[in-house]
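Below is one structure, written out as structure tokens; comments come after it.
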Protein chains: 2
Amino acid sequence: MPSEGRGRVLSIQSHVSFGYVGGKAAVFPLQCLGYDVDVINTVNLSNHTGYGRWGGTRATAAELDGIFESMEQNGLLLPDRLLTGYIPGAEALSAVMSVAKKLRERNPDLLYLLDPVMGDSGKLYVAPDVVPIYRTALQYATIITPNWFEVEVLTDVKIVDMPSLRRAIQILHDECRVPNVVISSIPLRDWLRDALPSHMQPPPSDLDHLVCICSSVPERGEGTPHPSAVHAQHIPCLPGYFSGVGDLFSALVLAHYAPAAPTPHPDVAPSPLASAVSQALTKTHAILALTHTFATTLPEEERLPTDEEADAREPDRRIRRMRGRELRLIQGQDIIRGEEPVDCRRMEPWVDFWS
Amino acid sequence: MPSEGRGRVLSIQSHVSFGYVGGKAAVFPLQCLGYDVDVINTVNLSNHTGYGRWGGTRATAAELDGIFESMEQNGLLLPDRLLTGYIPGAEALSAVMSVAKKLRERNPDLLYLLDPVMGDSGKLYVAPDVVPIYRTALQYATIITPNWFEVEVLTDVKIVDMPSLRRAIQILHDECRVPNVVISSIPLRDWLRDALPSHMQPPPSDLDHLVCICSSVPERGEGTPHPSAVHAQHIPCLPGYFSGVGDLFSALVLAHYAPAAPTPHPDVAPSPLASAVSQALTKTHAILALTHTFATTLPEEERLPTDEEADAREPDRRIRRMRGRELRLIQGQDIIRGEEPVDCRRMEPWVDFWS
């Protein structure tokens with residue numbers, strides 16, 4: 001079947017009936033941007049687990065295999081791009097990674113964005129036996145989008161200063177053989193602020209900031225992959241916790257990634273990764289700002305501050321809080337399509353990163 | 001939670017990984033038109049069953065109940081509109097219809113579009129014990145969108161002439177208490193052509209035609225519901241079989257349906273049903289034409305004519321044929337949003353329908 005338009009994405013991640021995480025945060029933006037999306041649901045839940053209560057089921061490895069096998073038999077396993085997100089449990093993850101390996105071997109031009117969804121802020125939320133499977137699977141990925149904690153888990157390097165940050169990125173490129181690494185968010189601590197070129201530091205403010213860093217090596221398996229091209233940009237932390245942000249961001253990175261055409265001067269060509277991440281960061285932040293603004297218009301009991309202790313005493317409090325912070329994807333679809341001008345968050349070259 | 005924008009639709013129907021039927025044909029259009037959509041998957045299959053081979057699982061009634069109960073507990077069962085489509089098996093259908101009843105009782109303004117997906121062209125493709133459940137559930141619906149065969153099954157009236165057509169519609173309004181009936185397609189046989197007002201007949205051509213008929217009574221349970229307001233429009237049959245067309249059409253009818261504001265002159269106000277069906281028919285036909293045009297550009301082995309005997313001898317033939325006729329929803333999204341001018345298919349008043 002001829003590929004036409006933007007192409008075909010196979011998305012393998014969670015499904016929730018209500019709200020926007022996993023596939024619900026990723027598929028609609030990819031569709032808006034012109035991709036046919038084949039959607040495989042690793043879970044079918046009522047809502048995301050941050051609500052504290054949920055119903056539904058997880059697909060077993062056998063159930064996922066049943067879908068993969070029928071798609072294969074029918075000649076329907078022919079994506080140009082592959083996106084994997086939250087996959088609970090080692091067996092299901094192994095089933096998905098077998099498919100990733102097969103698709104990659106079959107099509108060397110496959111663009112595979114692997115989001116190693118394992119945890120956040122120092123806490124794993126998958127079973128520990130998932131970790132080695134991700135480590136092995138990284139070699140099939142074109143792009144990975146871990147947060148800082150997932151980088152630590154994958155590399156066994158605690159990121160506390162520039163040498164450890166460099167070491168972690170180096171491991172991902174050299175040992176794990178990932179050509180494009182996007183650390184979707186890392187808190188802007190003093191060591192990181194001091195290391196950033198001065199024009200890339202956020203202006204002084206009361207807000208906490210996160211930094212997005214991406215690093216790409218020109219060609220997988222080349223002799224001297226370092227220094228890689230590193231880009232970064234900061235974003236202000238919006239108060240409270242929003243779910244599905246990483247899933248949206250990863251989908252947008254994949255959607256906007258355009259592999260570089262061969263050029264005699266690759267050093268001066270714009271980095272395909274930095275361009276894609278700039279678009280993804282810009283749009284994700286704009287959707288987040290829209291969601292935050294909406295949340296502030298809610299009646300007081302719907303826009304409660306994050307307070308785990310109060311939530312534990314009163315489960316409905318947590319639910320109201322979560323509900324008011326579901327991403328405003330539908331209302332922000334013109335942002336996703338690039339039809340509404342928003343504050344640009346361009347990834348800037350961090351030229352002395354490796355020195 | 002305040003309703004904002006176009007509102008919130010709860011969609012309960014099938015999910016396929018590849019292609020566009022059920023939820024894959026309905027959800028994206030609703031989202032493009034500004035609705036938040038809560039999505040419950042009654043099946044998770046690799047592809048639609050027209051391919052002849054498929055993998056995946058069907059949700060049991062207990063699994064669906066698990067999702068409904070958690071949504072209810074979390075206060076997430078609050079749609080403005082409800083859309084139900086293909087639900088395999090009587091137990092699962094009963095579970096869904098309990099929810100429909102509850103939502104309707106809770107919110108008298110709920111707009112419920114019930115597509116009684118049971119069969120086509122004289123063949124049932126659900127278990128026969130599904131039929132009485134649909135008959136009982138019709139009373140909860142604001143709008144139903146059966147094809148002619150499903151009308152026959154629901155009313156036990158064989159539609160062969162104008163008196164039987166009138167009788168079937170009358171049963172749906174009076175006995176089944178459905179205020180808005182849309183017969184999505186009925187072949188334009190001679191008796192129907194002769195009965196249509198002359199300005200509503202298609203010009204002579206070699207093409208077969210289908211007719212879409214809609215009928216609405218102003219208020220549920222009023223004393224003299226007849227004559228209802230009937231509108232109709234013909235569309236040419238495109239060659240071959242396309243799947244998901246009814247699912248797309250129903251989603252668009254629900255999306256475009258705007259309940260009438262009270263008016264002192266309801267007789268001259270435009271019919272909300274006819275307006276919605278006009279939009280849905282126009283856009284569905286345009287997407288179908290886009291799909292047909294695309295199919296003609298495929299290599300010869302991908303655009304085989306419908307031939308059940310040849311398919312039976314060679315299963316891959318059927319698969320290639322199905323794959324080339326998946327709806328071009330993504331490529332036609334500007335049509336869905338109403339941003340691309342297309343040939344309008346306006347539902348015309350059929351003033352002497354009842355006489």
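Each chain gets a letter, A, B and so on, in the order its sequence line appears, and its residues count up from 1. Note that these values count all heavy atoms, side chains included, but never hydrogens, waters or copies made by symmetry.
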Q: Measure distances from Val37(A) to the heavy atoms of chain B and classify the residue's part below 4.5 Å as side chain, backbone, both or neither.
A: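 Just the backbone, heavy atoms under 4.5 Å.
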Q. Can you say whether Phe68(A) sits under 4.5 Å from chain B via the side chain, the backbone, both, or neither, judging by heavy atoms?
A.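 Neither part; nothing is under 4.5 Å.
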Say whether, by atom type as modelled, one donor and one acceptor occur between the side chain of [X] and the main chain of [Y] under 3.5 angstrom.
X: Ser70(B); Y: Ser46(A); result: no
X: Arg53(A); Y: Met71(B); result: no
X: Gln31(B); Y: Cys32(A); result: no
X: His15(B); Y: Asn41(A); result: no

(Q) If you compare all heavy atoms of Asp36(B) against all heavy atoms of Gln331(A), which two are closest, and at what distance to 0.1 Å? (A) OD2-NE2, 2.8 Å
Quick one: [atom1] on [X] to [atom2] on [Y], what's the gap to the nearest 0.5 Å?
X: Asp38(B); Y: Lys24(A); atom1: CG; atom2: NZ; answer: 5.5 Å
X: Thr42(B); Y: Asn44(A); atom1: OG1; atom2: CG; answer: 10.0 Å
X: Leu76(B); Y: Arg323(A); atom1: CG; atom2: CZ; answer: 6.0 Å

Q: Give a yes or no on whether Glu91(A) atom CD has more than 12 heavy-atom contacts from other residues, nucleotides or ligands under 6.0 Å away.
A: no
Q) Below 4.5 Å, heavy atoms only, C-beta onward: do Ile40(A) and Ser17(B) meet side chain to side chain? A) yes
Q: Check whether any side-chain heavy atom of Ile67(B) sits under 4.5 Å from a side-chain heavy atom of Phe18(A), and report yes or no.
A: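 A side-chain contact is absent here, since even the closest heavy-atom pair is not under 4.5 Å.
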Q) When heavy-atom pairs shorter than 4.5 Å are enumerated against chain A, which of Gly75(B), Ala62(B), Ser11(B) gives the highest number? A)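 Result: the option with the highest number of such pairs is Gly75(B).
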Q | Which portion of Gln73(B) sits near chain A, non-hydrogen atoms under 4.5 angstrom | A |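 Its backbone and side chain both get close to chain A.
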